[in-house]
Amino acid sequence: MTAIGVTGATGTMGTAVLETAADREDIDVNVAVNRGADGERVAGQGVHDAADLPTLLADRSVDVVVDFTGPGSAIEYAAACAEAGVGFVTGTTGFDADGRAALETSAERVPLLWATNFSQGIHALGEALGEITETLSEYDIEMTETHHNRKRDAPSGTATTLLDGIDDASGGEHDRTYGREGDQPRADGEIGVHVRRAGGIRGEHEVLFAGNDEVLTFTHRAESRAVFASGALDAAVWLAERDPGFYEFGEVLA
């Protein structure tokens, strides 16, 4: 049994994590927090104010904290976990270079896993895109990603991860053109990146390869946030047995 804590517990992803954890026999939720919480309950769990997290980690048995919040909050929670000797799994995106460095500092003291996406399908898509990019090196590439209307970072962290993987497979960075307007013909070697925000869409990523009078399109669509919650919980169970260090979701799936 892995004892976990959940931050952002009343948020969309925090709620999904708690609801998914309630159906699993290998996980016990011992801590749930949210900023400004005052007696709320989610999936049968009482939610405490996030300001109490350091005290809760000291008083209760927690192996790993699962986080889907915001960059500033995630950095703060990771530092609290490092102080308490508790592992940290985060799917928060939008970190700048300083934020990533702060996570790496916490990972010097505890096991920490950061992923832009906890979907097994997205991981498989990234692997496939690497092979396709090597094979179709002369084809044009376009990416479109779509998320709900409350998502702040654009493009999504998942899109950026997929684009970085394409760059790695091609042996060099592509110029990324974010949308197009006016007189803007396509340049050789660029990738067009297009972002849509609407409704309650969980997440959709499409990568298009075009050349040689043919078009290949690869699409991943998340039908439920439980996909990401389940992957994050799998990562937490896996991370509980690791030494301090910075880990990736692909290591969980290996």
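Small disclaimer: the values here were computed from a predicted structure and weren't measured.
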At their closest point, which heavy atom of [X] faces which heavy atom of [Y], and how far apart are they?
X	Y	answer
Val47	Val33	CG1-C, 3.8 Å
Asn30	Ala3	ND2-CB, 3.6 Å
Tyr77	Asp67	CD1-OD1, 3.4 Å
Ala232	Val89	O-CG1, 4.1 Å
Asp63	Ala240	CB-CB, 4.2 Å
Leu56	His48	CD1-CB, 3.8 Å

Answer yes or no: are there more than 12 heavy-atom neighbours, outside [X] itself, under 6.0 Å from its atom [atom1]?
X	atom1	answer
Asp38	CG	no
Arg176	CZ	yes
Glu104	CD	yes
Asp188	CG	no
Glu138	CD	no
Glu206	CD	yes
Glu214	CD	yes
Glu173	CD	no

At what distance, to the nearest 0.5 angstrom, does [atom1] of [X] lie from [atom2] of [Y]?
X	Y	atom1	atom2	answer
Asp167	Ile191	CG	CD1	5.5 Å
Thr20	Asp234	OG1	CG	10.5 Å
Thr15	Asn34	OG1	CG	8.5 Å
Ile27	Leu18	CD1	CG	10.5 Å
Ile201	Arg221	CD1	CZ	9.5 Å
Ser170	Glu134	OG	CD	9.0 Å

Considering only heavy atoms from C-beta outward, does the side chain of [X] approach that of [Y] to under 4.5 Å?
X	Y	value
Leu125	Phe218	yes
His205	Thr219	no
Thr7	Val65	yes
Leu208	Leu216	no

Given the rule in the salt bridge (charged side-chain N to carboxylate O under 4.0 Å, His left out) test, do Glu19 and Arg225 qualify, once you have shown the distances and angles that lead to the verdict?
-> CA-CA 11 Å; Glu19 290 176 345; Arg225 291 184 177 89; over 6 Å; no
Please test Ile141 against Val207 for side chain to side chain contact (heavy atoms under 4.5 Å, CB included), starting from the C-alpha separation and ending with a verdict.
-> CA-CA 7 Å; Ile141 305 173; Val207 183; 3.9 Å; yes
Ignoring hydrogens and geometry beyond distance, is a side-chain donor-acceptor pair present between [X] and [Y] at under 3.5 Å?
X	Y	result
Thr90	Thr92	yes
Glu190	His174	no
Thr144	Arg196	no

Result of checking Trp238, Phe118, Phe228 against Phe249 for ring pair (Phe, Tyr, Trp, His ring centres under 6.0 Å) =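 For Phe249, the ring pair (Phe, Tyr, Trp, His ring centres under 6.0 Å) test succeeds with only one of Trp238, Phe118, Phe228, which is Phe118.
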Should the pair Glu251-Arg242 be classified as a salt bridge under the 4.0 Å nitrogen-to-oxygen rule?
->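 No, no charged N to carboxylate O under 4.0 Å.
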Stepwise side chain to side chain contact (heavy atoms under 4.5 Å, CB included) check, Phe246 with Arg100 | CA-CA 11 Å; Phe246 199 98; Arg100 176 64 182 265; 3.4 Å; yes
Using modelled atom types and a 3.5 Å cut-off, is there a donor and acceptor pairing between side-chain atoms of [X] and backbone atoms of [Y]?
X	Y	value
Asp96	Gly99	yes
Thr135	Glu131	yes
Asp153	Thr93	no

Apply side chain to side chain contact (heavy atoms under 4.5 Å, CB included) to the pair Leu57 and Cys81, showing each step before the final yes or no.
-> CA-CA 8 Å; Leu57 293 179; Cys81 286; 4.1 Å; yes
Check the pair Asp49 / Arg35 against salt bridge (charged side-chain N to carboxylate O under 4.0 Å, His left out), numbers first and verdict last.
-> CA-CA 5 Å; Asp49 193 312; Arg35 291 195 186 280; over 6 Å; no
Lys151, Arg150, Glu145 screened by side-chain hydrogen bond (donor to acceptor under 3.5 Å, both in side chains) with His147, the one that passes |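 Testing His147 for a side-chain hydrogen bond (donor to acceptor under 3.5 Å, both in side chains) against Lys151, Arg150, Glu145 leaves exactly one candidate, Glu145.
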For Ile4 and Asp28, what are the C-alpha separation, side-chain angles and deciding distance, and is it a side chain to side chain contact (heavy atoms under 4.5 Å, CB included)?
-> CA-CA 6 Å; Ile4 71 164; Asp28 189 21; over 6 Å; no
